[in-house]
Amino acid sequence: PRLLPEEFAYEVFYVILASGFKQKIAKEKFLQIKSFIENGGCVLPENLLVIFGNKNKINAICRVWNNRDNYCNNFYLQPDIDSKMKYLATLPHIGEITKNHLARNLGINQVKYDVWIQRLGIALYGNDNMVDGFPLSDCVKCACDKMFDKLVCDTKLPRGYIDVVLWKACQIGVLFFK
């Protein structure tokens, strides 16, 4: 389903806030910013910096909000998933890794390739020479993709769904890899 520009912007906000922060903090700050906007707050950096002190992220959020119609429409004009993925990486404060998180939140069956997924991929399909981290190496991505291919085949579930389940299992300590 197609999101409204405001909904699209909120999805972008959440991913901007979540990158590099714990989910609990990102969610709390996201809800504060969303509430501020929904209650008629003027979306200017000086107003939002009181809620969240990262100037670069707040500037990106303001740019997204002020251009939400354009960003949303351009996303939906992209003819295929590859084009949509490339487009997402051009949004303010969204890059090659965070575009995957945003795509998944926008309904694209995509893997986030965060550090938890990288560690699982390496543990199951990697070798001792592989190192998790960013930028994501091709060999680590390949190990993760093998893991997802196997899990999709065995479970018949979408990659994006499996990604969320594995991430949550690692986050709460059901699965743990150093």
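This one's a predicted model, so the numbers in the text were calculated from it and none came from an experiment.
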| task | Decide yes or no on side-chain contact (heavy atoms from CB on, under 4.5 Å) for Tyr10 and Ile37, but give the supporting numbers first. | result | CA-CA 10 Å; Tyr10 290 144; Ile37 292 169; 3.6 Å; yes
| said: Set out, in order, the CA-CA distance, both residues' side-chain angles and the distance that settles side-chain contact (heavy atoms from CB on, under 4.5 Å) for Arg2 and Asn73, then state yes or no. | reply: CA-CA 10 Å; Arg2 184 182 171 108; Asn73 291 332; 2.7 Å; yes
Could you pull out every donor-acceptor pair under 3.5 Å between side chains of residues 11-18 and any protein atom, sequence neighbours left out?
none

Identify all side-chain donor-acceptor contacts of residues 161-175 below 3.5 Å with residues at least two apart in sequence or on another chain.
unit_1	atom_1	unit_2	atom_2	d
Asp163	OD2	Arg104	NH1	2.2
Asp163	OD2	Lys112	N	3.1
Lys168	NZ	Gln171	OE1	2.7
Gln171	NE2	Gln23	OE1	3.3

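Pairs of residues two or more places apart, or lying in two chains, that qualify as salt bridge (Lys or Arg N to Asp or Glu O under 4.0 Å) and include a residue from residues 40-69 are Glu6-Arg68. Under the salt bridge (Lys or Arg N to Asp or Glu O under 4.0 Å) criterion, the residue pairs touching residues 19-35 are Lys34-Glu38, with sequence neighbours excluded. Judged as a salt bridge (Lys or Arg N to Asp or Glu O under 4.0 Å), the pairs with a partner in residues 139-155 (not counting sequence neighbours) are, in order, Lys141-Asp145, Asp145-Arg159, Asp149-Arg159, Lys150-Asp154.
Listed here is the closest heavy atom pair of Ser19 and Thr98: CB-CG2, 3.6 Å. Contact detail for Tyr113 and Asn100: the closest heavy-atom pair is CD1-ND2, 3.9 Å. Annotation for Phe36 and Leu48: closest pair CD2-CD2, 3.6 Å, computed over non-hydrogen atoms. The minimum heavy-atom distance linking Ile122 with Ala143 is given by the pair N-CB, 4.4 Å.
Side-chain atoms of Tyr87 come within 3.5 Å of backbone atoms of Tyr71 as a donor-acceptor pair (strictly under, hydrogens ignored). The main-chain N or O of Leu136 is never found under 3.5 Å from a side-chain atom of Gln118 such that the two would form a donor-acceptor pair. Counting only distance, with no hydrogens or angles, the side chain of Thr155 and the backbone of Leu151 share a donor-acceptor pair below 3.5 Å. Between the side chain of Asn67 and the backbone N or O of Asn70 there is no donor-acceptor pair closer than 3.5 Å. Remark: side-chain polar atoms of Asn109 are paired, donor with acceptor, to backbone N or O of Gly160 under 3.5 angstrom.
Criterion: ILVMFWY side-chain heavy atoms under 4.5 Å apart, direct or through other members. Under it, Val131 and Leu124 are not part of a common hydrophobic cluster.
One finds the CG atom of Asn74 at 8.5 Å from the OG1 atom of Thr90 (value rounded to the nearest 0.5 Å). Taking CG of Leu77 as the start and NZ of Lys84 as the end, the distance is 8.0 Å to the nearest 0.5 Å. Rounded to the nearest 0.5 Å, atoms CG (Leu102) and NE2 (His93) are 13.0 Å apart. From Gln78, atom CD reaches atom CE of Met85 across 12.0 Å, with rounding to the nearest 0.5 Å. Taking CD1 from Ile108 and NZ from Lys99, the interatomic distance works out to 10.5 Å, rounded to the nearest 0.5 Å. The distance from the SG atom of Cys62 to the CG atom of Leu49 is 8.0 Å, given to the nearest 0.5 Å.
The number of heavy-atom neighbours closer than 6.0 Å to CG of Asp138, taken from other residues, nucleotides and ligands shown, is 12 or below. Atom CD1 of Ile81 sits in a sparse spot, with 12 or fewer heavy atoms from other residues, nucleotides or ligands closer than 6.0 Å.
Aromatic pair Phe8/Trp65: centroids not less than 6.0 angstrom apart.
Every residue meeting the ring pair (Phe, Tyr, Trp, His ring centres under 6.0 Å) condition with Phe52, not counting sequence neighbours, appears here in chain and number order: Phe21.
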